[in-house]
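Order of listing sets the numbers, starting from 1, for every ligand and every atom in it.
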Amino acid sequence: MKVSVLGTGYVGLVTGVCLAEIGHKVICMDLNESKIEMLRRGNPPIYEHGLKELIDSNMKAGRLEFIGEPEHAVKNSSIIIIAVGTPPKVNGEADMSQVDSAAADIGRFMNNYKLIVIKSTVPVGTADRVVSIIKANNRSNSESKFDVISNPEFLREGSAINDTFNGDRIVIGSRSKRAAAKIRKLYEPLKIPYFVTNPESAEMIKYSSNSFLATKISFINEIANLCERVGADVNDVACGMGLDKRIGRSFLNAGIGYGGSCFPKDVSSLIKIGENAGYELKILKQVIDVNRIQRIRPIAILEGLLQELKGRDIALLGLSFKAGTDDVREAPSLYIIENLLNQGANIRVYDPEAMENVRNIFGDSIAYCSNPYEAAKGCEAVVLLTEWPEFRELNFKKIRAAMKGRLIIDGRNYLDMTKLLKIGFEYFPIGISLPKAKNEKAPRQILSKKAPGLVLNRLKTAQLPI
Ligand code: NAD
């Protein structure tokens with residue numbers, strides 16, 4: 001089938017490339033000319049495992065082309081997928097300007113029947129809004145020439161290609177049987193179960209799914225904070241909870257909260273959709289509040305341990321909002337860097353993929369290092385912010401030797417605690433109350449002056465579990 005994808009960001013590019021891989025003829029179109037230039041040379045502007053190889057092979061096979069003109073994309077396809085951004089406005093609402101302009105282009109250049117597929121995450125009512133915009137911009141003004149369906153995307157950055165080929169479900173929101181049948185045919189080779197509903201429900205499914213996942217994360221982070229105070233280990237609590245099939249283990253990893261371009265904006269947007277409909281989503285407001293505090297948890301720990309952060313050298317390992325991507329949108333690292341800079345700390349960072357994106361934000365105010373050992377050099381504390389697998393494999397004796405101090409704050413509960421304590425680090429995970437030393441009644445604790453109520457369990461090698 002002939003398909004155009006408008007927007008070649010994380011979603012549009014992966015979708016276009018995967019559709020080409022299953023045999024469709026795909027035009028990926030973006031208004032950003034430098035992205036298109038890079039893609040034409042076979043260089044993806046984003047990091048996603050396996051993407052470059054698929055771009056190369058599908059371009060060679062003649063199934064994939066990259067262009068900057070909407071006219072060519074609209075005229076030369078029967079299915080047009082809208083995958084442009086819907087970033088948050090200051091008030092939390094989704095900014096619909098990219099979707100509106102894509103819809104206007106479709107209306108302007110439509111030359112015969114088109115199936116328009118909204119893949120961007122959009123507020124309820126957008127399918128109808130897109131219909132109106134297309135009609136308003138379509139000179140022939142013919143009503144029979146197109147259908148608009150909602151087809152929200154569920155891929156995750158870091159595993160986007162695998163998710164596209166092996167998704168849990170394809171949600172289709174359509175009022176037309178003809179349109180639903182056509183989109184099913186497009187995805188047929190993927191053999192993924194379908195769920196067909198009306199556009200409003202499809203739009204709600206996407207926001208509700210992301211909001212539920214964000215809720216799970218904030219829930220376990222609250223439990224983690226309580227675990228620290230009552231002598232429990234949140235990792236064990238999550239495992240024990242997750243064995244219940246009604247709960248499940250996934251998204252119960254305590255840490256420094258959620259980030260990225262989706263959860264923060266989608267939760268805010270759903271709250272706004274509620275407000276506009278006269279309904280207050282109270283739980284989701286708390287989810288945001290918990291996350292706001294949690295994402296700078298390492299700062300509270302540092303303040304508790306070092307008191308004054310001015311002039312202190314701190315290393316940050318990992319900057320992307322999660323492993324497997326270079327995306328730093330709403331990453332906890334940005335808030336942590338900003339806070340540390342405001343307090344006058346010296347920051348040294350390392351990330352395998354996201355350094356350039358952070359440099360675009362913070363410029364020369366922090367030191368960008370070529371590896372984790374260089375980042376740790378002369379630092380009093382190393383803070384792990386992203387669970388890149390390579391960080392688990394580090395030579396921590398070498399890290400220890402490079403550092404001035406011996407604090408490790410593990411924002412993802414990702415490192416091997418036993419190993420680190422044996423090497424002589426003081427190790428601070430999230431939500432784990434560590435065992436008592438032999439003659440101690442309770443773990444030694446530090447009360448943070450700057451963050452009242454925060455209790456830190458100071459670990460010693462002697463406190464290692466037997
Ligand atoms: P992005 O910002 O990475 O990419 C959007 C692209 O659209 C940009 O390259 C921009 O230049 C282009 N664009 C803007 N207006 C255009 C127009 N009129 N015509 C053609 N191109 C245009 O965004 P993204 O992360 O890929 O997200 C896209 C949508 O998918 C959002 O609504 C997002 O919420 C949703 N989504 C994202 C993810 C994710 O993991 N990133 C997952 C599921 C859903």
Side-chain angles (χ1 to χ4, degrees), residues 4-18 27-39 44-48 51 66-74 77 80-89 93-109 116-123 126 130 133-134 137 150-164 167-171 202-203 205-211 213-214 258-270 320-322 324-331 357:
S4 279
V5 184
L6 307 187
T8 59
Y10 288 86
V11 165
L13 182 57
V14 171
T15 301
V17 169
C18 291
I27 299 173
C28 284
M29 181 262 152
D30 203 292
L31 295 179
N32 184 327
E33 281 175 16
S34 61
K35 272 191 185 181
I36 293 298
E37 266 317 303
M38 283 181 78
L39 286 163
I46 55 166
Y47 173 75
E48 189 62 49
L51 187 58
F66 297 102
I67 62 159
E69 306 82 31
E71 181 168 1
H72 178 82
V74 172
S77 52
I80 303 169
I81 298 177
I82 299 180
V84 298
T86 47
K89 292 203 262 189
E93 237 165 31
D95 177 345
M96 296 299 289
S97 57
Q98 297 182 31
V99 172
D100 292 353
S101 94
D105 283 339
I106 295 169
R108 212 168 292 133
F109 300 122
I116 292 113
V117 180
I118 305 174
K119 195 165 264 304
S120 300
T121 303
V122 292
T126 299
V130 166
I133 296 174
I134 292 175
N137 284 275
S150 165
N151 170 222
E153 179 54 59
F154 299 98
L155 64 75
R156 296 162 300 175
E157 288 174 28
S159 54
I161 292 171
N162 186 49
D163 290 349
T164 305
D168 293 330
R169 76 297 206 193
I170 291 174
V171 172
E203 289 159 348
I205 287 169
K206 175 64 193 177
Y207 277 123
S208 310
S209 300
N210 273 1
S211 297
L213 293 173
Y258 59 82
S261 68
C262 291
F263 288 0
K265 87 169 167 59
D266 292 352
V267 176
S268 299
S269 184
L270 189 52
S320 54
F321 82 94
K322 66 174 190 171
T325 179
D326 61 345
D327 198 348
V328 299
R329 289 179 285 184
E330 286 293 316
N357 286 338

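- Protein residues with a heavy atom under 4.0 Å from ligand 1 are Gly7, Gly9, Tyr10, Val11, Met29, Asp30, Leu31, Asn32, Lys35, Ala83, Val84, Gly85, Thr86, Gln98, Ser101, Ala102, Ser120, Thr121, Glu153, Leu155, Glu157, Lys206, Ser261, Cys262, Lys265, Arg329.
- Annotation: salt bridge (Lys or Arg N to Asp or Glu O under 4.0 Å) contacts of Asp266 (sequence neighbours excluded): none.
- Among Leu155, Asp326, Thr15, the one residue that satisfies the side-chain contact (heavy atoms from CB on, under 4.5 Å) test with Tyr10 is Asp326.
- With sequence neighbours left out, Arg169 forms a salt bridge (Lys or Arg N to Asp or Glu O under 4.0 Å) with no residue at all.
- Considering only heavy atoms from C-beta on, Met38 comes within 4.5 Å of Pro45 through its side chain.
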Donor-acceptor contacts under 3.5 Å from residues 80-89 side chains, at least two apart:
from	atom 1	to	atom 2	distance (Å)
Thr86	OG1	Thr121	O	2.9
Thr86	OG1	Lys265	NZ	3.4
Lys89	NZ	Glu93	OE1	3.4

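- Proximity of Glu157 to Glu48: side-chain heavy atoms (C-beta onward) are separated by under 4.5 Å at one or more points.
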